[in-house]
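Below is one structure; the comments refer to it alone.
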Amino acid sequence: VGKLLDDYDFRGADLKQLPVVLLGFGKVGQAFASLLEERQGFKREGIELRLAGIFDRGGGVVGMALPLGEIMAAKRTSGTVASVPDLGCPGGRAGDALSSYPHAVLVDASPTDPTSGEPGLSLVREALERGHSAVLASKGPLVSAFAELLDLAQRSKCRLGISAAVGSPLPSLETVHLSLRGSTLRGFRGIFSATANCVLSDMESGVSYQGAVENARRAGILEPDPRLDLEGWDTAFKVLILARSFWSPTLPLEAARVEGITGLAGSDVTRIRESGRKLRLVGTARKGPSGEVAIRVAPEPLAPADPLYLLGPAEKGAEFDSDLMGRFVVWSGKAGPWTTAATLAKDILNIAAHPTPLAL
Ligand SMILES: NC(=O)c1ccc[n+]([C@@H]2O[C@H](COP(=O)([O-])OP(=O)(O)OC[C@H]3O[C@@H](n4cnc5c(N)ncnc54)[C@H](OP(=O)(O)O)[C@@H]3O)[C@@H](O)[C@H]2O)c1
């Protein structure tokens with residue numbers, strides 16, 4: 001992106017295209033491709049995001065004028081984008097597409113594997129080593145190799161976009177890194193999993209646990225591996241990645257104590273609701289006086305005075321506690337693949353953005 005921006009004329013007419021290579025063409029990947037098409041690559045931002053490669057487990061399609069309708073149809077009928085006539089590359093690698101487009105940004109919308117970080121980790125590593133910025137919806141590479149990727153990005157003078165991996169579309173990173181600059185962040189807590197929120201809200205109105213999980217699956221907000229959402233790990237990974245970005249890139253996963261919602265009976269949820277409170281899966285991180293960070297994920301009864309109490313079923317919110325500026329609360333009423341796609345686009349546009357006269 002740096003190289004692209006060097007010869008970019010921001011004064012007007014000279015609109016440039018920024019190639020984007022996409023790994024993963026499931027719910028998020030397809031929403032991202034459709035969003036770029038619907039918004040004409042966000043041209044109104046002064047730079048056009050252009051899909052130059054799409055990859056799934058069968059291979060990929062590469063080119064600067066990818067026919068999205070045909071690609072969607074091929075995916076539906078054959079299961080892979082690689083079956084698109086003429087453009088498809090069965091067995092093709094996203095790394096090879098990056099070689100064809102030296103300025104391209106990589107988007108990782110592949111499944112989250114927190115142990116190996118794959119399939120995204122190798123490709124994100126390869127992209128950063130070769131000077132491509134990378135934007136991730138997947139948490140896998142950030143749980144397994146955060147410090148290494150941050151270091152690689154710094155050495156290669158490129159950027160990592162991670163907003164879509166930490167509870168999109170909440171602006172948690174911007175809140176702390178920009179709005180609380182100069183203050184000390186003492187801790188934060190939030191509802192980072194719309195899935196757990198939806199399941200608990202459904203259970204409050206008498207839906208069984210299994211029925212509530214099925215509703216979340218139909219809404220497209222359940223992780224490819226549902227245990228991540230329901231056992232609390234999805235929330236723990238988001239809180240861990242945020243805590244690493246705020247405090248220490250090497251913070252270990254072992255700093256987290258994690259309890260999910262799988263063991264809850266419908267009667268637990270309704271009893272708390274009848275007492276005027278709401279049971280919600282809350283992720284919390286606090287930095288102690290000697291610098292140690294404790295992360296906890298657990299269902300908590302929230303009283304009406306709690307800012308997180310107000311969140312609706314598919315909503316997320318977080319509260320940040322700082323010494324100089326007090327408490328900040330952020331809240332979003334949207335969740336799901338389309339919102340995640342918009343958050344990926346936001347990160348790319350911010351990476352490509354020219355500094356403005358307004359200090360941000
Ligand atoms: N769903 C959401 O609302 C949401 C929100 C925030 C973050 N996320 C994160 O975004 C990521 C994608 O989620 P999703 O819901 O879109 O999942 P998904 O529907 O299961 O899609 C995953 C995609 O990754 C592809 N893939 C898997 N292994 C691959 C490999 N080895 N090489 C290339 N492609 C591979 C799959 O290919 P095939 O199509 O060939 O199987 C599929 O296209 C996950 O990491 C998730 O945690 C999701």
Side-chain angles (χ1 to χ4, degrees), residues 21-35 53-62 71-72 74-84 88-98 106-124 126-127 134-144 161-170 172 192-198 216-230 233-238 240-241 314-316 332 334-347:
V21 171
L22 173 63
L23 180 73
F25 201 54
K27 292 180 286 299
V28 172
Q30 291 184 30
F32 179 71
S34 304
L35 181 67
I54 303 178
F55 290 80
D56 60 19
R57 282 180 301 158
V61 273
V62 181
I71 294 170
M72 291 283 203
K75 180 75 182 164
R76 264 195 311 277
T77 51
S78 74
T80 174
V81 296
S83 64
V84 175
C89 325
R93 285 185 62 253
D96 296 337
L98 288 173
L106 172 70
V107 168
D108 177 11
S110 67
T112 287
D113 179 337
T115 311
S116 70
E118 301 297 349
L121 178 56
S122 306
L123 185 64
V124 173
E126 181 180 342
V135 172
L136 289 78
S138 164
K139 292 163 278 289
L142 302 169
V143 173
S144 60
I162 63 170
S163 308
V166 290
S168 69
L170 291 182
S172 304
F192 296 100
S193 166
T195 309
N197 217 17
C198 281
R217 189 190 308 279
R218 273 197 294 272
I221 57 173
L222 202 60
E223 279 288 322
D225 177 353
R227 288 172 308 173
L228 293 182
D229 280 316
L230 304 170
W233 289 104
D234 176 69
T235 299
F237 297 153
K238 289 168 180 166
L240 175 72
I241 297 165
E315 299 182 341
K316 294 174 192 158
S332 168
K334 285 208 163 197
W338 192 252
T339 314
T340 304
T343 308
L344 289 167
K346 172 197 80 170
D347 271 0

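Atoms considered below: every heavy atom in the structure, side chains included; atoms not considered: hydrogens, waters and symmetry mates. Order of appearance sets the numbers: ligands from 1, and atoms from 1 within every ligand.
Here the OG1 atom belonging to T80 is positioned 10.0 Å from the CZ atom belonging to F25, to the nearest 0.5 angstrom. A distance of 5.5 Å separates CG of L228 from CZ of F237, quoted to the nearest 0.5 Å.
The proximity of S138 to ligand 1, defined as any non-hydrogen pair under 4.0 Å, involves the side chain as well as the backbone.
For the pair F192 and V166, the minimum side-chain heavy-atom distance is 4.5 Å or more. Contact of the L344 side chain with the V28 side chain is registered, since non-hydrogen atoms from C-beta on lie closer than 4.5 Å. With contacts defined as side-chain heavy-atom distances shorter than 4.5 Å, the pair L106/V124 qualifies. Side chains of K139 and I241 form a contact here, defined as non-hydrogen atoms less than 4.5 Å apart.
Considering only non-hydrogen protein atoms, atom 9 (C) of ligand 1 sits nearest to A137 O, 3.4 Å. With hydrogens left out, the protein atom closest to atom 15 (O) of ligand 1 is K27 CE, 3.3 Å, a heavy atom. With respect to atom 12 (C) of ligand 1, the closest heavy atom belonging to the protein is A109 O, 3.3 Å. Annotation: atom 27 (C) of ligand 1 to nearest protein heavy atom, P111 CD, 3.3 Å. Of all protein heavy atoms, the one lying nearest to atom 28 (N) of ligand 1 is R57 CG, 3.3 Å. Ranking the protein heavy atoms by distance from atom 20 (O) of ligand 1 puts P224 CG, 3.4 Å first. Among all protein heavy atoms, the one lying closest to atom 44 (C) of ligand 1 is S110 O, 3.3 Å. G26 N, 3.7 Å is the protein heavy atom nearest to atom 42 (C) of ligand 1.
The closest approach between L23 and ligand 1 falls below 4.0 Å for a heavy atom of the residue.
Of all the atoms in ligand 1, the ones that sit under 4.0 Å from a non-hydrogen atom of P119 are 28 (N), 29 (C), 30 (C), 31 (N). For ligand 1, the atoms sitting less than 4.0 Å from at least one non-hydrogen atom of F25 are 23 (C), 42 (C), 43 (O), numbered in the order shown with element in parentheses. Atoms of ligand 1 found under 4.0 Å from any heavy atom of A164, numbered from 1 in the order shown, are 6 (C), 7 (C). Atom numbering of ligand 1 starts at 1 in the shown order; those under 4.0 Å from a heavy atom of K75 are 38 (P), 39 (O), 40 (O).
Some N or O of V28 is nearer than 3.5 Å to an N or O of ligand 1, by distance alone. Residue-to-ligand polar distances keep S168 apart from ligand 1: every N/O pair is separated by 3.5 Å or more.
Not a single donor-acceptor pair under 3.5 Å links the side chain of D108 to the backbone N or O of S138. One N or O on the side chain of K316 and one on the backbone of S168 form a donor-acceptor pair closer than 3.5 Å. Side-chain atoms of K334 do not come within 3.5 Å of backbone N or O of T339 as any donor-acceptor pair. For the pair D347 (side chain) and S163 (backbone), a donor-acceptor distance under 3.5 Å is present. With hydrogens and angles disregarded, a donor-acceptor distance shorter than 3.5 Å links the side chain of N197 to the backbone of E315.
When V81, D56, T339 are checked for heavy-atom proximity to atom 33 (C) of ligand 1, D56 turns out nearest.
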